[in-house]
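Inspection log for the structure reproduced underneath, given as structure tokens.
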2 protein chains.
Amino acid sequence: MTEQTAPTTAAGEPATARGEQTRQLILDTAMRLFRERGYAQTTMRAIAQEAGVAVGNAYYYFGSKDHLIQEFYARSQVEHRAAAQPVLDRESDFAARLAGVLHAGIDVLTPSHGFAASFFKTAAEPTSPLSPFSAESSAPRQAAIDLFAEVLDGSTAKVDAELRPQLPELLWLAYMGVILYWVYDRSPGQARTRQLIDGAVPLIDRLVGLSRLRVLRPVTRQVLDLIRTLRH
Amino acid sequence: MTEQTAPTTAAGEPATARGEQTRQLILDTAMRLFRERGYAQTTMRAIAQEAGVAVGNAYYYFGSKDHLIQEFYARSQVEHRAAAQPVLDRESDFAARLAGVLHAGIDVLTPSHGFAASFFKTAAEPTSPLSPFSAESSAPRQAAIDLFAEVLDGSTAKVDAELRPQLPELLWLAYMGVILYWVYDRSPGQARTRQLIDGAVPLIDRLVGLSRLRVLRPVTRQVLDLIRTLRH
DNA sequence: CAGCGAATTTGAACGCGTTCAAGAAGGAGT
DNA sequence: ACTCCTTCTTGAACGCGTTCAAATTCGCTG
């Protein structure tokens, strides 16, 4: 969306093969240490030392420690998309597709649960470019919303005509809710989150079906109006 | 809930009048500076200097900079309760009571919107005692839930018998959602948040009314079952 | 191959939140 | 008045994320 705005070399965008290599080295090292020690316990000095570069060099490629996380976002999104593919190929039932995609998302995140919980605070800051709602995250966000559009499009579900165009974004919002719950989930293996998905999906399925019901038309419209009002 | 567990003087609980005075002085200074400069821009050194004490003294009363925020929570909750009183006295309609209480909450928070947005990240961290879901916050949280119980009890609304006992907590959750939106709200005077409240309240009112409808009974039950499952 | 300029790399230095050993203040008992 | 003990207060010191002027590397041009 904003690819054209910055003709100059942006921070973090290496111009040479050497730079690209260093960048990847730092990134891989950081991800490994984050997983091993957690986010807060991993210092920039440690990342630099393990990667065999100077501290300042890491800052040449990543504006801050937090920016390393944005990379984590992007990677996770790509992995999520890949992990969801089999389900999208196999299933045609809306509920099954949705459940599969949600579970795939959690599958991908599970190895990072420890450090995800601690970096979550950074992502939650509204002013931070790391917020999933921020302009800087719009690319991965749109990719995620597109994934839910696929969930819907490839399904046999009958959806209220007015609701349909808004539904992918609503499903993405629900997914954000699942992640929020997951981050707080202390149950072994985050089993509760799995229960949440398995419990919420039939519910969503049912509500989507009911949206075409005469009694609920006004409610559906009211919801959609509100959403439209609140979007910028 | 945990008053009896710690017979020794907990950090931050002054035992003498002198201590209490110093504590209040530091707290007032901190709140003033937070509002004037924002959270991140207010250093502990600045707080100490303005309050005329040593840095370490602030840490004698408040375990960390973040802990100063927990005090802000407690103060806000008390203010919210007070600001909601007139509405609770005046109105008997459920929707009016709910809207009034939600608006009162935002009224109280409005002067702190600037720094609230920046400290929100801290509150969002699951492992932090500052999280609204944490055990340490259970007292203010329960007080807030009780407020929504009052909203319901004092109203003429007819509510599904199964839903009723769960509803106050659900309303509190909705309030958390409103605050989440408010924190991200960049519109002048956070006007959007007001629209959200005015739009969402009739919707909630309607849904609560519909919960007694035969068609929706299964859905209602499904929702409540899910919630019960997910609560610890 | 010498020289140039952009891209990359360095590490000392800064300001921050936080810690802690040491001391000061205050009150109770003798 | 002296002692003892708890409570409170101090400020230097530590490790962290981050900055930046200077040095280095590297591909290219004449």
Side-chain angles (χ1 to χ4, degrees), chain A residues 6-27 29-30 33-34 37-70 115 118-119 121-122 125 127-130, chain B residues 6-27 29-30 33-34 37-71 115 118-119 121-122 125 128-130:
Chain A
T8 65
T9 306
E13 297 299 338
T16 71
R18 173 171 59 129
E20 181 56 36
Q21 203 171 346
T22 307
R23 193 189 131 94
Q24 280 303 321
L25 174 63
I26 293 169
L27 191 50
T29 309
L33 292 183
F34 285 163
R37 315 178 181 178
Y39 181 69
Q41 287 71 36
T42 304
T43 70
M44 291 300 282
R45 284 170 178 79
I47 294 171
Q49 188 173 353
E50 288 265 323
V53 300
V55 199
N57 203 0
Y59 281 91
Y60 181 76
Y61 293 105
F62 305 94
S64 72
K65 189 181 176 186
D66 293 347
H67 276 74
L68 285 162
I69 286 174
Q70 205 153 26
F115 100 81
S118 76
F119 88 63
K121 60 180 280 192
T122 308
E125 190 177 28
T127 58
S128 161
L130 289 160
Chain B
T8 64
T9 305
E13 298 298 338
T16 71
R18 172 172 59 128
E20 181 57 36
Q21 205 170 347
T22 307
R23 193 190 131 95
Q24 279 302 321
L25 174 62
I26 293 169
L27 191 50
T29 308
L33 291 183
F34 284 164
R37 315 178 181 177
Y39 181 70
Q41 286 71 37
T42 303
T43 69
M44 290 300 282
R45 284 170 177 79
I47 294 172
Q49 187 173 353
E50 288 264 323
V53 301
V55 201
N57 204 1
Y59 281 91
Y60 182 77
Y61 292 106
F62 305 94
S64 74
K65 190 181 175 185
D66 293 348
H67 277 73
L68 285 162
I69 286 175
Q70 206 154 26
E71 217 66 31
F115 98 83
S118 77
F119 87 64
K121 62 181 279 193
T122 309
E125 189 178 28
S128 161
L130 289 160

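Within every chain, numbering begins at 1; the chains are lettered A, B, ... in the order of the sequence lines, protein sequences first and strands thereafter. Not measured: the values here are computed from a predicted model. No hydrogens, no waters, no symmetry mates; every other heavy atom, side chains included, goes into these values.
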Quiz item: Nearest-Å distance, CG (B/N57) to C1' (D/dC8)?
Solution: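 Answer to the nearest Å: 7 Å.
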Self-check item: Integer-rounded Å distance: C/dA12 C1' and A/Y59 OH
Solution: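 Taking atom C1' of C/dA12 as the reference, OH of A/Y59 is at 15 Å.
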Using a cut-off of less than 4.0 Å, is there contact between a side-chain N or O of [X] and OP1 or OP2 of [N]?
X     : N     : value
B/T22 : D/dT9 : yes
A/Y60 : C/dT9 : no
A/Y61 : C/dT9 : yes

Exercise. Have a look at B/G19 and say if it touches a base, only the backbone sugar-phosphate, or nothing, with a 4.0 Å heavy-atom cut-off.
Key: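 Since only primed, P, OP1 and OP2 atoms lie under 4.0 Å of B/G19, the category is sugar-phosphate.
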Practice problem: Determine the contact category for A/V53: base if any of its heavy atoms lies under 4.0 Å from a base atom, sugar-phosphate if only primed atoms, P, OP1 or OP2 are that close, otherwise nothing. | Solution: sugar-phosphate
Which nucleotide in the set [options] lies at the smallest distance from any side-chain heavy atom of [X]?
X     : options                : value
B/M44 : D/dT18, C/dT18, C/dT10 : C/dT18
B/K65 : C/dG17, D/dT10, C/dA7  : C/dG17
A/A15 : C/dA7, D/dT7, C/dG17   : C/dA7
A/R18 : C/dA13, C/dG26, D/dC26 : D/dC26

Quiz item: Is there a donor on the side chain of A/R45 or the base of D/dG17 sitting less than 3.5 Å from an acceptor on the other?
Solution: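 Yes, the side chain and the base share a sub-3.5 Å donor-acceptor pair.
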Practice problem: Among B/Q24, B/Q49, B/E50, find the one that has a side-chain contact (heavy atoms from CB on, under 4.5 Å) with B/T29. | Solution: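 For B/T29, the side-chain contact (heavy atoms from CB on, under 4.5 Å) test succeeds with only one of B/Q24, B/Q49, B/E50, which is B/E50.
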Practice problem: Enter the inter-axis angle for the ends of the helix from C/dC1-D/dG30 to C/dT30-D/dA1 (five pairs per end, rounded to 10°). | Solution: 20°
